[in-house]
Protein chains: 2
Amino acid sequence: MKRTTIKDVANRLGVNPSTVSRALKDHPDIGLALREEVKRVATEMRYTPNRMAVQLRQRQSHLVGLVIPEITMFFYPSVIRGIEEVLEPRGYQLVMLPSNESPSREAQNLKFCGENQLAGVLISFTRHTLPSDGLSLLTNLEMPVVVFDKSLPDLPFDSVILEDEEAASRATRFLIDTGCRRIGGLFGSPNLLITQKRLQGFRNALSSANLPFVESMIRFAGNADEADLCVREMMVPEDAPDGLFMMSDEIVMGAYPAILRTGVNIPADCSVICISDGFVPGCYYPRISYLHHDGAGIGREAAHRLISLIDSDPSVSIPEHRMVNAVLIELESTNSIEKGE
Amino acid sequence: MKRTTIKDVANRLGVNPSTVSRALKDHPDIGLALREEVKRVATEMRYTPNRMAVQLRQRQSHLVGLVIPEITMFFYPSVIRGIEEVLEPRGYQLVMLPSNESPSREAQNLKFCGENQLAGVLISFTRHTLPSDGLSLLTNLEMPVVVFDKSLPDLPFDSVILEDEEAASRATRFLIDTGCRRIGGLFGSPNLLITQKRLQGFRNALSSANLPFVESMIRFAGNADEADLCVREMMVPEDAPDGLFMMSDEIVMGAYPAILRTGVNIPADCSVICISDGFVPGCYYPRISYLHHDGAGIGREAAHRLISLIDSDPSVSIPEHRMVNAVLIELESTNSIEKGE
DNA sequence: ATGCGTTGCACAATCGTTTGCGGTTGACAA
DNA sequence: TTGTCAACCGCAAACGATTGTGCAACGCAT
């Protein structure tokens with residue numbers, strides 16, 4: 001029950017394998033009549049080229065590595081959809097390489113990509129990866145790579161990220177504009193660059209509005225459970241915020257029910273806003289306005305960029321840093337204009 | 001900047017490539033001294049075998065295809081984690097092959113697996129795949145395959161699924177036991193086998209308790225938005241249910257906020273329960289008791305089975321159908337014992 | 001010294017394609 | 001008739017590894 005190879009087809013037709021190979025790719029050297037005949041027989045014999053052989057010969061695998069810190073239900077599924085959308089029609093396949101938030105595993109994954117000459121790599125770093133380590137990893141890689149979302153500072157590689165600072169700033173300003181004056185912030189892992197940038201945006205918005213930045217009004221939560229805790233700490237009778245910025249879906253899913261549980265009324269007592277991929281905010285009542293963090297869009301962008309890197313001369317390309325902008329989606333119900341008037 | 005091949009190493013040592021190959025895998029034919037020397041030089045020269053060449057030679061790719069209907073935020077991320085957990089240590093890599101709920105794309109994906117002789121395939125079918133089509137697809141595949149979660153009836157292939165009927169039945173019984181008498185059900189796509197089985201379990205529980213099955217008390221929703229609609233239809237003043245079974249996380253995220261929006265009080269007016277992977281139920285307030293649909297567990301099981309299929313003689317294995325059982329996780333707050341007493 | 005069995009390595013074929021080059025036809029112009 | 005040039009196709013060498021077989025050298029018993 002062996003697969004039919006190009007030789008089988010050649011033998012059947014009494015021609016040379018090379019002829020079959022050329023005929024199938026419409027090489028002009030092969031006569032038109034024979035070309036058609038070859039194709040006919042090939043499909044009849046259900047011939048399909050052996051990918052491993054092809055890859056060995058052309059030194060290219062048409063596989064793209066996706067190195068992500070962890071395969072969570074947030075963000076990455078959308079990213080993958082976006083990536084697939086552009087990769088699939090071009091014949092590339094995606095290989096999952098989750099790092100489980102471990103830098104060593106991440107290094108392993110990258111090594112895998114290098115050793116197996118994948119066509120390229122899409123990477124989002126773990127929260128524990130040191131900038132210097134990330135730099136050297138990618139430098140040693142010597143293959144097309146684009147970093148997305150969880151990037152590191154000053155990386156001389158192509159990247160696609162959200163305009164984090166701006167998004168956070170806009171979100172915070174939105175709270176301010178709807179009358180909030182004591183604004184709290186719930187952030188993710190503090191070592192993440194995106195956390196730092198979103199925090200910066202948050203602070204900027206406050207200071208632009210001449211509101212004080214109060215250290216005790218912000219909290220960092222590594223996951224939903226921690227967000228729950230943070231909320232319980234924040235929502236103390238006297239000092240509770242009248243507006244809350246949450247930097248991600250995961251934070252929301254931990255914090256939102258916690259807010260409700262403390263008896264705080266949304267939006268009467270406290271307005272909320274978040275940065276989100278878009279699904280989660282609609283799954284709460286009242287619904288949550290958000291700055292759209294378009295996962296699929298980022299995935300598409302990153303994949304596009306990677307493809308063009310693969311197709312181009314690696315030596316001449318200079319790194320491009322793309323910022324995807326976030327648009328405000330107002331769901332109205334978690335914010336009340338009247339507050340504070 | 002070429003990679004160092006086995007020949008380079010061989011030349012450097014003045015030996016034959018075959019010797020290097022054997023030395024590196026501790027073949028007894030090679031003298032101990034030389035063996036060590038080869039290894040030393042190999043690592044020194046940063047030699048790493050070319051995977052494509054190896055694969056071509058051994059006719060095995062160490063790649064496993066993951067064919068899923070769609071990469072959603074529900075369930076599949078956990079499944080992938082489970083799969084990775086067992087695949088990665090064994091040197092297999094996962095290739096993503098989302099079908100986007102399209103049977104033709106699914107067929108393409110499966111064809112891809114066949115043509116590129118992946119080591120094996122893990123598949124969950126789209127909601128539109130006809131049982132006969134699925135059967136013929138897998139039959140033509142001629143390679144190790146295990147079906148998980150979204151299976152089809154009477155498939156002569158290995159499968160790992162949740163004990164859907166039993167889980168739904170237990171969930172419903174739980175509602176009954178806590179005093180509910182007018183129990184509604186929110187289900188997913190009706191063409192899915194798992195939907196049918198969960199519906200069956202739901203009905204069984206009702207009839208065991210001598211409660212009538214009312215057609216108008218159940219609804220099918222393809223996604224969260226539809227679930228939202230269904231709830232609005234169901235929660236009419238007079239005929240509203242006093243207990244609601246929801247068959248999945250996605251349904252919950254659409255339905256739960258909808259219930260709240262209708263003003264219905266949980267659990268005072270209506271108890272709820274669902275089948276879930278575990279994260280979502282904790283992200284609502286009040287929290288939702290659920291039957292645990294262990295995605296990671298199913299992923300691990302499926303991967304294990306696939307590995308053993310790959311390692312075993314394909315002709316002698318007889319299909320095994322594994323049922324993962326669901327355990328009840330009581331979160332207490334969405335159900336009140338006192339109701340109806 | 002002869003025969004035999006190990007040990008330790010080299011040779012060459014092989015996996016299935018692709019591709020540079022060379023060679024055979026035939027037409028057609030000189 | 002000879003030379004030229006296309007048009008077509010075959011030959012064989014790659015790509016980088018693995019593996020069955022062959023064979024020299026050596027030890028040891030006879």
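Here is the naming used below: chain letters follow the sequence lines, and residue numbers restart at 1 for every chain.
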Worksheet item: Counting only distance, no hydrogens or angles, is the base of C:dC11 paired donor-acceptor with the side chain of B:S18 under 3.5 Å?
Response: yes
Worksheet, complete the sentence: Readout for nucleotides 22-27 of chain D: B = base within 4.0 Å of protein heavy atom, S = sugar-phosphate only, - = neither; 5' to 3' it is ------
Discussion item. Heavy atoms only, 4.0 Å cut-off, all strands: where does A:T5 land among base, sugar-phosphate and nothing?
Written reply: sugar-phosphate
Worksheet item: Charged N to carboxylate O under 4.0 angstrom, B:R127 versus B:E101?
Response: yes
Item to complete: Walk me through it: do A:S99 and A:N109 pass the test side chain to side chain donor-acceptor pair (under 3.5 Å)?
Response: CA-CA 7 Å; A:S99 307; A:N109 286 336; 3.2 Å; yes
Item to complete: Quick one: sort the B:F148 and B:Y76 rings into parallel, tilted or perpendicular, breaks at 30° and 60°.
Response: perpendicular
Worksheet entry | Short side-chain to backbone donor-acceptor contact, A:S189 and A:L192, under 3.5 Å | no
Discussion item. Base, sugar-phosphate or nothing for A:K7? Non-hydrogen atoms, less than 4.0 Å.
Written reply: base
Worksheet item: Do the side-chain N or O atoms of A:R59 get closer than 4.0 angstrom to the phosphate oxygens (OP1, OP2) of D:dG16?
Response: yes
Fill in: Between P of C:dG8 and CG of B:L13, the distance in whole Å
17 Å
Discussion item. Whether the side chain of A:R22 and the base of C:dG20 hold a donor-acceptor pair under 3.5 Å is what I'd like checked.
Written reply: yes
Response to the item:
Here the distance between atom P of D:dC15 and atom CD of A:Q117, to the nearest Å, is 13 Å
Worksheet item: So, is B:Q55 close to the D:dG16 phosphate, meaning a side-chain N or O under 4.0 Å from OP1 or OP2?
Response: no
Item to complete: Give the rounded distance in Å between these two atoms: CG of B:N16 and C1' of D:dG16.
Response: 13 Å
Discussion item. So that I can tick it off, tell me whether B:K39 and B:D26 are bridged by a salt bridge, with the cut-off set at under 4.0 angstrom between side-chain N and carboxylate O.
Written reply: yes
Discussion item. Below the 4.0 Å mark, does D:dC9 have OP1 or OP2 next to a side-chain nitrogen or oxygen of A:T19?
Written reply: no
Practice prompt. Starting at atom CD1 of B:I30, determine the distance to atom P of C:dC11, rounded to an integer number of angstrom.
Written response: 13 Å
Worksheet item: How many Å lie between CD on B:Q60 and P on C:dG16, as a whole number?
Response: 14 Å
Worksheet item: Are B:E84 and B:R81 within salt-bridge range, i.e. N to O under 4.0 Å?
Response: no
Response to the item:
Rounded to whole Å, CG of A:L56 lies from P of D:dT18 at a distance of 12 Å
Response to the item:
In whole angstroms, the gap separating P of D:dG16 from CG of B:L24 amounts to 17 Å
Practice prompt. Using a 4.0 Å heavy-atom cut-off across all strands, classify B:T4 as base, sugar-phosphate, or nothing.
Written response: nothing
Worksheet item: Would B:S102 and B:N100 count as a side chain to side chain donor-acceptor pair (under 3.5 Å) if you check the C-alpha gap in whole Å, the side-chain angles of each, and the deciding distance to 0.1 Å?
Response: CA-CA 5 Å; B:S102 143; B:N100 297 337; over 6 Å; no
Worksheet entry | Candidates C:dT17, D:dT19, D:dA17 - which lies nearest the side chain of A:Y47 | C:dT17
Worksheet item: C:dG20 P sits how many Å from A:Q58 CD, rounded?
Response: 11 Å
